[in-house]
Each structure stands twice: as C-alpha cells, then as structure tokens.
> 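Could you have a look at this structure, given as structure tokens, before my questions?
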Number of protein chains: 2
Amino acid sequence: MDTDLTLSSLRDEGHRITRVREEMVKFFVESSKPLSFGDVMRALEEAGLFVNKTTVYRELKFLLEYGYIAEVYLYPRKVYYELSDLRHHHHLVCEKCGKIDNIINCLVDRLERDVLKRKGFKIKRHTLEFYGLCSDCLERD
Amino acid sequence: MDTDLTLSSLRDEGHRITRVREEMVKFFVESSKPLSFGDVMRALEEAGLFVNKTTVYRELKFLLEYGYIAEVYLYPRKVYYELSDLRHHHHLVCEKCGKIDNIINCLVDRLERDVLKRKGFKIKRHTLEFYGLCSDCLERD
DNA sequence: TAACTAATGCAATTCTGTTGCATTTTAATT
DNA sequence: AATTAAAATGCAACAGAATTGCATTAGTTA
C-alpha cells in the first residue's frame with residue numbers, strides 16, 4: 001500500500017516538513033524519470049539548499065522506509081529513486097547518453113517494434129528480473 | 001559477438017591460463033546461476049586457492065572486458081556475473097532466501113501463472129529494463 | 001633456460017554510503 | 001511568545017566494496 005507523496009499526506013502521517021524534505025518531495029513529484037542521489041544533490045543546490053550528503057541519504061532512506069519512493073537499479077551499477085505510486089512501468093535507458101525514459105505498456109514480445117515506432121528508441125538489450133518466493137520458502141510459510 | 005568461455009578459446013585468443021583463471025572458468029561454465037564476487041572467492045577457497053581479492057576483481061574485469069561473462073544487477077543492490085553466451089533468459093530471485101534460478105521463456109503476461117505452476121515460484125514483483133539508443137543518439141550516429 | 005609480458009599480492013587509496021554525537025529546527029503545548 | 005520533546009541536521013569518523021601503484025612472481029615463446 002503506497003502512500004501519495006505530498007506535503008499534506010506527510011503532515012497527516014505525523015512527519016515534519018523541513019526545507020529539504022519540501023524540496024525533495026517537489027523534485028520527485030515533478031520528475032518523470034528516476035533520480036539518482038547525485039541528481040537530488042544537484043537539484044537541492046540549484047534550489048539554493050547546500051545540505052550535507054548525510055542529510056540527503058537520510059532523507060532518501062526516510063522516503064523509502066515509509067514507502068513514498070522506491071529504488072530502481074539500472075546499468076551501469078547505479079541506484080535511482082522514483083515515486084512508488086507510479087503506475088507499473090519500465091525504463092528506457094540510453095546506453096550512449098544515459099538518458100532515462102519511462103514506458104507503460106510491457107508486452108515484451110511486441111515491444112521492440114512498438115517502442116521503436118512510438119518512442120524512436122532502439123532496444124538493444126533488456127533485463128527482466130522476478131522477485132518473490134521460491135517453492136522452498138513458499139512451503140515453509 | 002560473445003566468445004565461448006573455454007580454456008582453448010582463451011588460449012586461442014592469446015590469453016594465459018593461470019590456476020585462478022582455470023578455476024574461475026570452471027565455476028562459470030558449471031554454474032547454472034549468476035555468481036557474486038563472494039561466490040567466486042568462496043569457490044576458489046574451496047578449491048584450495050587462497051587468492052587475494054584484488055586478483056579476483058581483476059579476473060572478473062578481464063572476463064568482462066573480453067565479453068566472456070556479463071554483469072547482472074539484482075536486488076538488493078548486488079552484482080552478479082554469468083556466462084554471456086547463455087541463451088537469453090531471466091532470473092527468479094527469492095526475496096526470502098536469496099536463491100537465484102533462471103527462466104528461459106519470457107512472455108510476461110503468461111508468466112505469473114506459468115512460473116508458479118512450473119517452478120513453484122510465486123512472483124511478487126518484477127523489473128524489466130530496456131537498454132539501447134534513444135532517438136537523439138540514434139539520429140546522431 | 002632466457003626473456004618478455006601478464007598475473008599476482010600487498011598496501012594504500014577512492015568511492016559510496018553509514019554511524020555517533022553534539023547542535024539546531026520543527027511543531028505541539030503551555 | 002516561551003517551553004519542550006522529538007526529529008532533523010552537520011560534521012567527522014568510520015565501514016565496505018572496489019581500484020590503483022608498485023614490486024614480485026609465473027606463464028609462454030623462442
């Protein structure tokens with residue numbers, strides 16, 4: 001059950017609204033793409049907030065723990081964060097410039113053609129990973 | 001163009017065969033699942049080879065650079081390595097015990113049912129990421 | 001076996017992310 | 001507005017993963 005990331009829902013759940021939190025919420029809500037730690041740092045600086053990295057890490061952890069954002073692991077070995085209440089979707093990662101775009105439909109077999117036609121993105125490779133419970137763990141529950 | 005990972009193909013391409021390389025090749029060829037750095041270290045130790053971590057990191061890098069193995073990034077924030085000439089496949093990662101299994105068919109829409117029936121694995125979540133060239137980079141080529 | 005180059009070990013270093021602790025800020029209460 | 005308790009912050013130190021520099025050792029070819 002993911003919660004909407006808004007200042008009022010944060011307040012409603014008893015969390016404090018600080019300058020940093022306020023700005024970070026804004027970035028995530030306004031961004032259509034996953035943000036890295038560095039992206040967030042940079043955005044804060046551009047907003048005139050020169051906060052310590054510890055604070056940003058802690059704030060990301062806070063938003064993660066309360067389910068407001070989710071982690072996304074993308075090549076090459078990079079962690080991103082995005083709103084967790086987004087509609088189920090996947091990412092288009094450009095291997096040249098690193099730009100990230102979202103994609104909502106995910107019928108894998110049709111995708112290569114469709115994505116090229118609709119987004120102009122040429123899929124070269126994709127990863128699809130499943131997480132859940134293996135038969136052993138399912139039995140032991 | 002991936003190259004087969006065998007001692008003779010390594011030799012053919014002018015690479016030396018060391019004890020460590022020999023063992024690591026064996027692990028990758030014999031393993032049906034992705035191996036982490038730690039898995040490799042442990043396997044080497046079990047084979048009586050007490051090598052420095054630097055050597056293992058360098059050997060993984062070597063095998064990666066020459067395209068013999070590929071990296072796989074899996075939750076939670078972990079890097080694995082597997083033969084790169086494997087048939088296109090995906091992974092089943094148990095969120096409880098961490099066990100990893102491979103899956104070859106990838107028709108996403110049928111998967112949840114099929115995987116549960118065939119592998120007894122209950123999919124709770126999956127990630128599907130695409131890598132390639134965005135329209136901008138495609139034009140600039 | 002000699003000689004060249006690649007591979008190795010070790011220590012030091014970088015990079016990412018975390019922790020402990022003293023201080024400041026938020027927001028509820030008086 | 002002043003008080004207070006808890007949460008947030010900054011800073012420095014730390015932890016862990018991975019990398020680098022350099023001296024030494026081992027693999028391969030002639």
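Lettering follows sequence order; numbering is per chain, from 1.
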> What's the separation between atom CG in A:Leu60 and atom OH in A:Tyr81, rounded to the nearest 0.5 Å?
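Reported to 0.5 Å precision, the distance equals 5.0 Å.
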> Please give, in whole Å, the distance from D:dA17 P to B:Tyr73 OH?
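Taking OH of B:Tyr73 and P of D:dA17, I get 16 Å after rounding.
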> Once you apply a heavy-atom cut-off of 4.0 Å, does B:Arg19 come out as touching a base, just sugar-phosphate, or nothing?
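Touches nothing.
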> On the 0 to 90° scale, with breaks at 30° and 60°, tag the B:Tyr75-A:Tyr73 ring pair as parallel, tilted or perpendicular.
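B:Tyr75 and A:Tyr73: perpendicular rings.
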> Output the rounded distance in Å from CD1 (B:Ile17) to P (C:dA7).
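One finds 10 Å between P of C:dA7 and CD1 of B:Ile17, rounded.
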> Which is it for A:Lys26 and A:Glu22 under the salt bridge (charged side-chain N to carboxylate O under 4.0 Å, His left out) test, yes or no, and what are the steps along the way?
CA-CA 6 Å; A:Lys26 208 171 85 185; A:Glu22 202 174 340; over 6 Å; no
> Distance check needed: C:dT26 P versus A:Leu10 CG, whole Å only.
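Rounded to whole Å, this separation is 15 Å.
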> Please give, in whole Å, the distance from C:dA7 C1' to B:Tyr66 OH?
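Result: 13 Å.
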> For the pair made of NZ in B:Lys78 and P in D:dA17, what is the distance, rounded to whole Å?
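The distance from NZ of B:Lys78 to P of D:dA17 comes to 9 Å, rounded to the nearest Å.
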> Less than 3.5 Å apart, any donor N or O on the side chain of A:Ser36 or A:Asp39 sitting next to an acceptor on the other?
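Their side chains do contain a donor-acceptor pair, which is all the 3.5 Å distance test asks for.
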> Should A:Arg42 and A:Glu46 be marked as a salt bridge (charged side-chain N to carboxylate O under 4.0 Å, His left out) after you check the CA-CA gap, both sets of side-chain angles, and the distance that decides it?
CA-CA 6 Å; A:Arg42 237 166 290 124; A:Glu46 277 163 24; over 6 Å; no
> For the residue pair A:Tyr68 and A:Glu13, confirm or rule out a side-chain donor-acceptor distance under 3.5 Å.
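Yes - a donor-acceptor pair under 3.5 Å links their side chains.
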> For C:dT26 and A:Arg11 - does any side-chain N or O of the residue sit under 4.0 Å from the phosphate oxygens OP1/OP2?
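Checking A:Arg11 against C:dT26: no side-chain N or O falls below 4.0 Å of OP1 or OP2.
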> Using whole Å, what does the distance between atom C1' of nucleotide C:dA28 and atom CZ of A:Arg16 come to?
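Rounding to the nearest Å, CZ of A:Arg16 and C1' of C:dA28 are 9 Å apart.
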> How long is the line joining CZ of B:Arg77 and P of C:dT18, in whole Å?
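From B:Arg77 CZ to C:dT18 P: 6 Å.
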> What about B:Tyr80 and B:His91, are their ring centers closer than 6.0 Å?
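No: the rings miss the under 6.0 Å criterion.
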> Looking at DNA chain D, which of residues 47-64 of chain B put a heavy atom within less than 4.0 Å of it?
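Within residues 47-64 of chain B, the residues near DNA chain D are B:Lys53, B:Thr54, B:Tyr57, B:Arg58, B:Lys61.
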> From CE of A:Met41 over to C1' of D:dT9, roughly how many Å is that when rounded to an integer?
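Going from CE in A:Met41 over to C1' in D:dT9 covers 13 Å.
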> Which residue lies toward the 5' end of DNA chain C, A:Phe37 or B:Val20, if each is placed at its nearest nucleotide?
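Result: B:Val20.
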